[in-house]
Colleague: 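Provided herewith is a single structure, encoded as structure tokens, for subsequent inquiry.
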Amino acid sequence: MFIREPDSAWLGMLPPKFSKHLLSPAFFPRPPPPNPPKLSLLADRCAFMKQLQQVHAQMVVSSRINDEFAVSRLLSSCSLSNFGDLNYALRIFSNIQQPNSFMWNTVIRAQACGPNPHKALFLYIRMRRVGVVPGRHTFPFLIKACSNFRSLQSCKQVHTHVLKFGLDLDLHVANGLVRGYSLSNNLADARLLFDEIPERNLSIWTTMISGYAQNLCSNEALVLFNQMTKEGFEPNEATLASVLSACARSGCLETGERIHQFMKKKGIEVGVILGTALVYMYSKNGAITRAQELFDSMHERNIATWNAMICGLAAHGHAEDALSLFQREKKENVVPNDVTFIGVLSACCHAGLLDVGRDIFHSMRTVYGIEPKIEHYGCMVDLLGRRGKLLEAEELIKGMPWKADVVILGALLAASKNNANTEVAERLVKQILALEPHNHGVHVVLSNMYAETGRWEEVLRLRKVMKVERLKKEPGWSLVDI
DNA sequence: CTAGGGTTAG
């Protein structure tokens, strides 16, 4: 029988390590059988939970379930892949006699990114009870868990453990801590930590910059970005997205444009996230045409992209455009979220579109199943107040599921001043003073309203109240002074 | 065999 020599085309189809053997005469007559896939690596190749369950079953049958490596792979596939099942992974985990630190880290990571991040902390406590020592792969996820439920206290507690195990200079751990502190509204501590890191990398710079940007400290974000480039770091996509957001909110169109140029020069691809950041930056800065062009040229858009465009249009008084974009969004089957409605309602507010706004506000709950937040109520109160519907606005506030805050009451107070309605204003002032007894501003507003209608005796009464309030703040005040 | 940073309101 004639056996054809392997030609280059045939060799090219095989992995390189086989081609070497095939050329040697000992292997020549028969190509080697393909390696049977290793059970332990099979878990990585699964694309469905069902397949993972089969692998699990095979492992039980062949008693590979005692193989630490194989179980680790199975565990991490079950808990971390996007088709995975956290509860299944936790069941596997609870059946492992003595999980090693890798396994603990894996389930902690899965819980931290899941719907109940606080459970990651419970896992950590159990891990410590059985005496497993946490490592530099444990803390980043533990801190992520804390920042996912915005708990400053647990951040601090985990921080003490980081110090105890001497991991505070590990860059991943330090990065996590900076992020954790800035997400739990503690920028000062985040910055303190950031400054103490002797050798910072790009990720840590980015974390700190985005911390400022997300907490609406745009100027600090831009200052830090300048400092970063001075120290010779080149920004990547994550950095640029945060910086663009800071440019958008602080009105730095020039810096934003420079960054756009930089992206073009470096050939950085404008994906959804950077595209959205750019649309927001241009639209917030009034360059509506450029924003619109960019928006239309994007290949992929998500809800944030639509929101950025709608809110930008609304902020610049293009109410009709914002509303028609909202209609287009519906036609393209993009599901709006709570931010979308803030944009749409504020557009109605700017244009004074009372009926449209009312309809949209009611449709939030009835059509989209989105429970209005206090910000949405705020838009509606603004809109009603602007059109002189003070009593309806008052009713709306009374019907809120939460107690009214000073912001929303203040907005209606301003509206009642514009409508010269002292009756409503008096009621509102009473409510605001119940919340903030030392709020002088409302006395001033009310007294000005009385003055406009010539009710001088009321003005004098309020001035007396204000004087008492002022004196109360001084040490050793007495009624004799009045 | 594991890890970090990103977009939308105010």
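Computed from a predicted structure; not experimentally measured. Each chain gets a letter, A, B and so on, in the order its sequence line appears, and its residues count up from 1.
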Colleague: Using a 4.0 Å heavy-atom cut-off across all strands, classify A:Phe139 as base, sugar-phosphate, or nothing.
Modeller: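 No contact.
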Colleague: Heavy atoms only, 4.0 Å cut-off, all strands: where does A:Gln214 land among base, sugar-phosphate and nothing?
Modeller: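 Here A:Gln214 touches the backbone only, sparing every base.
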Colleague: Regarding A:Lys284, tell me which of base, sugar-phosphate or nothing describes its non-hydrogen contacts under 4.0 Å with the strands shown.
Modeller: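 Touches sugar-phosphate only.
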Colleague: So A:Trp205 and A:Phe233, would you call those rings parallel, tilted or perpendicular, with 30° and 60° as cut-offs?
Modeller: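 If you compare the ring of A:Trp205 with that of A:Phe233, the planes turn out tilted.
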Colleague: Starting the side chain at C-beta, find the nucleotide from B:dG6, B:dG10, B:dC1 nearest to A:Phe69.
Modeller: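 Ranking B:dG6, B:dG10, B:dC1 by closest atom to the A:Phe69 side chain puts B:dC1 first.
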Colleague: Does A:Asn236 get its side chain close enough to the base of B:dG6, under 3.5 Å, for a donor-acceptor pair?
Modeller: no
Colleague: Using every non-hydrogen atom in the two residues, find where A:Ser147 and A:Leu183 come nearest and quote the distance to one decimal.
Modeller: CB-CD1, 3.8 Å
Colleague: Take atom CZ of A:Arg249 and atom C1' of B:dG6, then tell me their distance rounded to the nearest Å.
Modeller: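 The distance from CZ of A:Arg249 to C1' of B:dG6 comes to 13 Å, rounded to the nearest Å.
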Colleague: Is the phosphate of B:dG5, meaning OP1 or OP2, less than 4.0 Å from a side-chain N or O of A:Lys144?
Modeller: yes
Colleague: Could you tell me whether A:Ser242 contacts a base, only the sugar-phosphate backbone, or nothing, with contacts defined as non-hydrogen atoms closer than 4.0 Å?
Modeller: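 Counting heavy atoms under 4.0 Å across all strands, the contact made by A:Ser242 is with sugar-phosphate only.
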Colleague: Ignoring hydrogens and angles, does a donor from either the side chain of A:Thr207 or the base of B:dG5 sit under 3.5 Å from an acceptor on the other?
Modeller: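 Under the 3.5 Å cut-off, the side chain and the base do not form any donor-acceptor pair.
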Colleague: In this structure, which one of A:Ser184, A:Cys146, A:Pro117 forms a side-chain contact (heavy atoms from CB on, under 4.5 Å) with A:Ser154?
Modeller: A:Cys146
